[in-house]
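Single-structure report; data block below.
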Amino acid sequence: MKISVQKLIVIGLVILSAGLLIGWFIFSGSTSVKNLSADDHSHTEVINGETVWTCSMHPQIRQGEPGQCPICGMDLIPLEEDEGDGIDPMAISMSPTAMQLASVATAQAGSLRPVKNIQLNGKVQEDERLVYSQTSHFPGRIEKLMVNFTGEYVKKGQPIAYLYSPELVTAQEELFEAYKIREKQPNLYKAAREKLKNWKLEEAQIDAVINTGEAKDEFPINADHSGYVIAKNINLGDHVKAGQAIYEIADLSQVWVLFDIYESDLPWISRGDSVYFTVASLPGKTFEGKLDFIDPVINPQTRVAQARVVVDNIDKKLKPEMFASGLIKAELEERKDQLIIPESAVLWTGKRSVVYVKTSEGKGLHFMMREVVLGPSLENSYIVESGLVAGEEIAVSGAFSIDAAAQLSGKPSMMAPEGGAAMIGHNHGEMNQSSSQMDHSKHLLSEQLKVNKFDQTYASDPKFQGQLQAVFNAYLPVKDALIQSDAKTASQEAENLQATIDKVNMKLVKGEGHIEWMKDLEVLQESTEGIVRESDIEKARMMLSPLSDQLYHSLKKFEVKIGGYRQFCPMAKNNQGAFWLSNSEKILNPYFGDAMLTCGEITEDLN
């Protein structure tokens with residue numbers, strides 16, 4: 001019997017309908033609801049009489065049974081009750097539990113006096129006003145030198161050289177003749193004495209010549225000032241002219257400390273500001289002075305201006321060319337009572353800076369993203385020009401976690417100002433770019449730490465350890481110059497680092513440790529030489545990575561405690577990641593400078 005096509009279609013539809021009906025009866029009582037989107041039952045606490053479970057970090061996850069979050073693996077928690085209407089759909093909701101797990105903390109934005117701690121580097125120098133040229137006051141030949149080397153201390157009036165002068169012998173003979181007729185020709189006698197006095201002979205010396213009645217062949221040159229000889233311009237037997245400088249003498253009872261000030265810090269600094277500074281050779285001692293002068297012209301090569309502090313140095317402990325590290329607690333008077341927020345509250349997107357503001361609408365806790373305009377940076381905070389008002393409560397820690405929740409929920413976030421599709425269900429590699437980069441960064445750091453794991457240590461002489469400490473101290477100015485994007489200064493400081501590395505005495509370490517140091521030395525020298533010869537800042541920064549890694553391993557294997565930190569940036573070296581060493585907890589990125597100054601994290605405390 002033939003069955004028409006129409007009948008076959010009807011039979012098929014009936015069978016399909018029956019199947020769907022049977023399936024509905026079988027599965028309608030199921031309590032498992034997986035991978036609901038943020039829009040499906042977004043405020044449902046109970047589905048078919050069962051508790052709905054969600055993730056405190058990924059609230060878009062909805063399941064009908066307890067378990068683990070398919071995204072982060074955290075234990076699911078019961079979904080809290082409906083928070084009511086009237087909540088901005090762009091707000092990010094977080095339960096107290098989620099805030100605690102994500103280490104989210106809030107604080108009110110307040111108005112404070114803007115104080116900025118400005119770190120300065122400088123050198124001790126002679127006070128130019130107390131540097132004297134010791135001259136010969138009459139022509140002659142050097143017969144004796146009483147001061148034979150630089151650095152020797154002389155007192156005012158002390159003989160420092162003896163000269164034979166034919167002109168002085170003739171002048172003495174003229175004095176003798178004038179003395180004989182002094183009663184008849186007093187003016188002639190007076191003129192003869194004045195001639196010798198003009199050559200800096202004292203009255204007592206002239207009287208002694210007259211009393212002896214014999215012309216002296218040699219006369220002393222007496223020091224006009226007390227101080228240290230910083231330059232010796234003559235040798236025994238030299239002929240000198242009247243007025244010729246034979247020594248440079250510096251009075252070091254008062255010295256200058258000249259600090260370098262970068263352009264970005266100049267608006268904060270004024271003449272009269274107090275400066276606190278230390279020098280490496282006097283640990284534990286802090287000096288204080290006031291800025292006496294600020295150079296009105298910026299050096300075109302170094303791009304810095306010099307500021308001067310005058311310091312009393314009666315005990316002579318401060319010596320020229322000593323390095324000094326200074327600190328100024330600067331205030332901007334025209335920015336009194338400015339709104340200031342912590343650095344940790346700000347998220348950067350390159351062109352924009354955003355914060356998350358806590359809102360009080362509805363029940364529960366909610367955050368709204370807010371774009372702000374920032375003014376100058378302070379030590380660990382920023383001045384806010386616009387975007388916030390005093391009293392508003394903002395997230396001061398855990399802002400990245402809030403932003404991640406916004407991204408996963410498809411709401412406006414740091415990287416997606418207009419929002420986007422929410423991520424739900426299992427993660428099969430379709431994570432948004434920001435989260436992917438975050439995971440990549442964590443994976444990269446983990447792999448880098450595995451590669452850089454260090455086990456073997458070697459015994460070494462304490463003197464050798466001290467020399468490696470000096471290498472670390474010389475490394476820091478190189479790193480600081482790269483932070484300031486100053487390739488020329490980095491090259492100059494790398495030369496100093498080279499000299500410090502060359503001073504390390506390899507004979508102080510024996511056996512296998514000696515062989516290890518020879519390997520380390522080659523890498524240290526090559527990477528440092530690379531920075532010395534590079535005028536391109538980006539190429540110089542590339543050389544910092546092997547230098548930092550090798551120095552870290554050398555310090556670890558020879559057990560040198562440097563009192564610093566190892567820090568890491570996942571975006572350096574074209575997103576390969578790179579480490580650097582610092583003596584401060586504060587993140588100042590040498591691989592990007594001002595472009596991404598605070599990008600990075602501490603990976604190891606080396607104290």
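Along the sequence shown, residues carry numbers from 1.
I249 is not listed as a side-chain neighbour of I230, based on a closest heavy-atom distance of 4.5 Å or more. Side-chain contact between I234 and V240 is present, with heavy atoms from C-beta onward closer than 4.5 Å. At a threshold of 4.5 Å between non-hydrogen side-chain atoms, the residues F287 and V309 do not count as touching. Within the 4.5 Å cutoff, the side chain of Y356 has heavy atoms near those of the D403 side chain. Annotation: side chain of L120 is in contact with side chain of I261 (closest heavy-atom distance under 4.5 Å). Counting heavy atoms from C-beta on, the side chains of L468 and V560 come closer than 4.5 Å. Looking at E534 and K539, their side chains come closer than 4.5 Å, going by heavy atoms from C-beta outward. Under the 4.5 Å side-chain criterion, counting only non-hydrogen atoms from C-beta, I269 is in contact with I118.
Looking only at distances, a side-chain donor or acceptor of S353 sits under 3.5 Å from a matching main-chain atom of V372. A donor-acceptor pair under 3.5 Å is absent between the side-chain atoms of D260 and the main chain of V304, judged by distance alone. Distance alone, capped at 3.5 Å, places no donor-acceptor pair between the T489 side chain and the D486 backbone. Between the side chain of D549 and the backbone N or O of P546, no donor-acceptor pair lies under 3.5 Å. Between the side chain of S491 and the main chain of V532, a donor-acceptor pair closer than 3.5 Å is present. Proximity of a side-chain donor or acceptor of S344 to a complementary backbone N or O of V396 within less than 3.5 Å is detected. Panel note: side chain Q525, backbone E522; no donor-acceptor pair is recorded below 3.5 Å. When atom types are taken as modelled, the side chain of Q467 and the backbone of N505 share a donor-acceptor pair closer than 3.5 angstrom. No donor-acceptor pair closer than 3.5 Å links the side chain of Y132 to the backbone N or O of Y247. Judged by distance alone, the side chain of Q134 and the main-chain N or O of D224 form a donor-acceptor pair under 3.5 Å.
Side-chain contact annotation: S274 with K290, donor-acceptor N/O pair under 3.5 Å present. Using modelled atom types, one finds no donor on one side chain facing an acceptor on the other under 3.5 Å when comparing Q498 with T528. Between the side chains of Q465 and D461, no donor-acceptor pair of N or O atoms lies under 3.5 Å. Between the side chains of Q125 and W256, no donor N or O sits under 3.5 Å from an acceptor N or O.
Residues forming a salt bridge (Lys or Arg N to Asp or Glu O under 4.0 Å) with E321 (at least two apart in sequence, or on another chain): K123. With sequence neighbours left out, the side-chain hydrogen bond (donor to acceptor under 3.5 Å, both in side chains) criterion links D292 to R308. By the ring-ring contact (aromatic ring centres under 6.0 Å, His included) test, Y382 is found to be paired with W348, residues two or more places apart in sequence or in another chain being considered. Under the rule for a ring-ring contact (aromatic ring centres under 6.0 Å, His included), Y276 has no partner lying at least two apart in sequence or in another chain. Residues that satisfy the salt bridge (Lys or Arg N to Asp or Glu O under 4.0 Å) test with E604, not counting sequence neighbours, are K556. Residues satisfying the side-chain hydrogen bond (donor to acceptor under 3.5 Å, both in side chains) test with S133, not counting sequence neighbours, are E248. Scanning for side-chain hydrogen bond (donor to acceptor under 3.5 Å, both in side chains) contacts around E559 gives an empty result, with sequence neighbours left out. Shown here are the side-chain hydrogen bond (donor to acceptor under 3.5 Å, both in side chains) partners of E128, two or more places apart in sequence or in another chain: there are none. Taking D127 as the reference, R129 meet the salt bridge (Lys or Arg N to Asp or Glu O under 4.0 Å) condition, with sequence neighbours excluded. With sequence neighbours left out, the salt bridge (Lys or Arg N to Asp or Glu O under 4.0 Å) criterion links R370 to E392.
Of all heavy-atom pairs between A578 and A572, the closest is CB-CB, 3.8 Å. Across all their heavy atoms, I341 and A109 have their closest contact at CG2-CB, 4.0 Å. The shortest non-hydrogen separation linking A305 to I298 is CB-CG1, 4.3 Å. The nearest pair of heavy atoms linking P590 to I483 is CA-CG1, 3.7 Å. Across every non-hydrogen atom of D251 and S226, the tightest pair is CB-O, 3.9 Å. Between N313 and K317, the shortest heavy-atom distance links the atoms OD1-N, 3.2 Å.
Going from atom CD of E152 over to atom CD1 of I160 covers 10.0 Å, rounded to the nearest 0.5 Å. Remark: D520 CG to L551 CG distance equals 9.5 Å, nearest 0.5 Å. Atom CD of E343 is separated from atom OG1 of T598 by 5.5 Å, given to the nearest 0.5 angstrom. Separating the NZ atom in K586 from the CD atom in Q567 is a distance of 11.5 Å, to the nearest 0.5 Å. Rounding to the nearest 0.5 angstrom, the gap separating the OG atom in S485 from the CG atom in D594 is 6.0 Å. The structure places CE of M322 at 11.0 Å from CZ of F277, a figure rounded to the nearest 0.5 Å.
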After noting the C-alpha distance and the side-chain angles of E393 and T106, does the key distance pass the side-chain hydrogen bond (donor to acceptor under 3.5 Å, both in side chains) rule?
CA-CA 6 Å; E393 194 168 353; T106 63; 2.5 Å; yes

Worked check of side-chain contact (heavy atoms from CB on, under 4.5 Å) between V384 and V373:
CA-CA 6 Å; V384 179; V373 178; over 6 Å; no

For side-chain contact (heavy atoms from CB on, under 4.5 Å), just list the numbers for V279 and L318, CA-CA rounded to whole Å, side-chain angles, deciding distance to a tenth of an Å, and then say yes or no.
CA-CA 8 Å; V279 293; L318 294 176; 4.2 Å; yes

Verdict with reasoning, K488 to S535, per side-chain contact (heavy atoms from CB on, under 4.5 Å):
CA-CA 6 Å; K488 183 172 182 180; S535 58; over 6 Å; no

Derivation of the side-chain contact (heavy atoms from CB on, under 4.5 Å) call for V104 and F367
CA-CA 11 Å; V104 176; F367 291 91; 4.1 Å; yes

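Within the cation-pi definition used here (under 6.0 Å to the ring centroid, within 45° of the axis), R541 does not qualify as a partner of Y591.
Within a 6.0 Å sphere centred on NZ of K316, other residues, nucleotides and ligands contribute more than 12 heavy atoms.
Residues in residues 293-307 take part in these side-chain hydrogen bond (donor to acceptor under 3.5 Å, both in side chains) pairs, two or more places apart or across chains: E263-R303. Annotation: ring pair (Phe, Tyr, Trp, His ring centres under 6.0 Å) contacts involving residues 463-496, sequence neighbours excluded, comprise F464-W517, F464-F558.
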